[in-house]
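Each remark here refers to the structure printed beneath this line.
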Amino acid sequence: DGTGTQQQAQQRKVGAAGPRTSSKEMVDTSPPRGTRDFYPEDMRLRNWLFGEWAAVAQLFGFEQFDVPVLESEELFVRKAGEEITDQLYNFQDKGGRRVALRPEITPSLARLVLGKGKGLALPAKWWIVGQCWRYERMTRGRRREHYQWNMDIVGVPGVEAEAELLAAITTFFSRVGISAADVGIKVSSRKVLAAVLERYSVPPENFAQVCVIVDKLEKLPRDKVEAELAALGVSADATEGILSALSCRSLDQLGELLGPAGHDALGDLRQLWALAAGYGFQEWLVFDASVVRGLAYYTGVVFEGFDRAGQLRAICGGGRYDKLLGTFGGEDVPCAGFGFGDAVIVELLKDKQLLPALTQQVDDVIMVMDESLRPAACGIAARLRAAGRRVDVILEAKKMKWAFKHAERSGAARLLLVGGGEWERGAVAVKDLASREQTEVPMDQLA
Ligand SMILES: Nc1ccc(Br)nc1
């Protein structure tokens with residue numbers, strides 16, 4: 001699954017440990033467990049996907065940034081029982097430092113924002129595509145890495161930020177041929193939970209842990225979730241209040257249930273829907289009070305993209321995180337963002353027959369008919385490349401039949417043959433691979 005070649009099935013076993021005793025023993029040609037190789041045909045799809053993500057980021061005026069895939073472990077040590085931190089790909093480096101392959105990118109963004117301090121002009125709209133890691137016990141045979149597109153808006157407290165982010169997500173989907181009939185985006189706000197917890201006097205310091213537990217409702221039986229809440233000290237009444245708020249089917253129903261305490265949450269969500277109507281993506285949105293997402297640091301609006309056929313895991317997800325920077329000892333700055341993985345979207349595109357047909361991009365293939373003409377052929381390649389043509393030079397003597405097959409397999413437009421009678425007449429034979437016509441082009445007219 002995803003944009004990579006899965007070779008686990010053909011996992012080749014290395015021979016006995018230690019130096020290879022003979023050339024016949026093959027190294028293990030599979031990538032490390034849970035990781036993917038990208039052969040050229042895989043890279044074409046991955047580059048196409050990343051190109052669509054980059055195009056949307058530019059359409060929205062976001063600026064690209066980058067950070068190391070290796071971070072200090074402390075960036076991801078959170079005590080809310082999240083799966084993402086339970087599965088940290090962490091280790092001690094040779095300098096004795098506790099480091100980790102990042103499981104997500106948002107904490108790195110927070111580190112950069114803190115690093116800039118007052119020097120960062122706000123609002124900042126940043127985007128990145130980065131590989132993220134988890135150390136999943138292979139018992140579940142799931143991948144350990146994926147590439148994630150992140151878009152974040154730093155310094156905007158209002159839901160105008162979330163509306164822009166949702167507009168970017170729906171713009172991406174539309175660009176690749178996915179409609180609101182195929183995909184929806186569930187939207188809610190953690191302010192709903194905050195209001196309920198306040199009503200039942202659940203200590204605010206338990207908020208993140210309650211959210212992480214409640215997020216498991218999709219995966220765990222209700223009684224297990226209730227038990228985890230009880231273990232956290234959440235009363236049965238509070239648990240009842242939480243579960244009834246999360247099962248509200250409409251904003252109005254939620255408003256009735258929460259009363260004045262829900263004013264903040266309802267206000268945000270109504271404003272978000274109004275902005276969505278303005279953008280024209282309201283049909284993508286589904287109010288779903290049960291959406292809390294599994295990251296500890298969300299504080300407000302949360303959302304997740306889902307396939308309406310219900311066959312796949314969440315396609316993307318995000319929300320507001322106004323207090324993350326404070327947890328790193330800095331001043332809080334209001335932020336909102338999303339992550340969008342490279343695997344589920346490809347499964348969805350496959351299911352919808354929307355995968356693009358991507359061929360190798362070569363314009364000309366050049367072959368010499370006589371090795372003594374190779375320097376001249378290289379000069380022709382240089383001239384064509386300088387003019388912007390993508391040229392593949394056949395680097396060793398090959399038969400004509402091989403050259404034609406190779407040129408067609410490369411998706412080339414032309415095959416240029418340097419030598420023979422044409423060369424004696426100061427020209428080059430040019431075979432148009434679409435029309436199959438062969439013409440003789442004088443050297444000084446080659447372009
Ligand atoms: N966070 C995370 C990292 C890697 C994969 Br695969 N999935 C989720």
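Source: prediction; values computed, not measured. First listed ligand is number 1; within each ligand, the first listed atom is number 1.
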Just list the N/O pairs, ligand 1 to protein, that are under 3.5 Å apart, with the distance for each.
residue, atom, partner, partner atom, Å
ligand 1, 1 (N), Pro103, O, 2.8
ligand 1, 7 (N), Arg134, NH1, 3.4

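Aromatic ring pairs are classed by plane angle as parallel below 30°, tilted from 30° to 60° and perpendicular above 60°; the pair Tyr135 and Tyr89 is perpendicular.
Comment: Lys216 engages Glu228 in a salt bridge, judged by a side-chain N to carboxylate O separation of less than 4.0 angstrom. A salt bridge does not link Glu145 with Arg134: none of the charged nitrogens is closer than 4.0 Å to a carboxylate oxygen.
For Phe207 and Tyr298, the gap between ring centers reaches or exceeds 6.0 Å.
Phe76 does not carry Arg102 over the face of its six-membered ring by the limits of under 6.0 Å from the centre and within 45° of the normal. Phe306 carries Lys186 over the face of its six-membered ring, with the cationic atom under 6.0 Å from the centre and within 45° of the normal.
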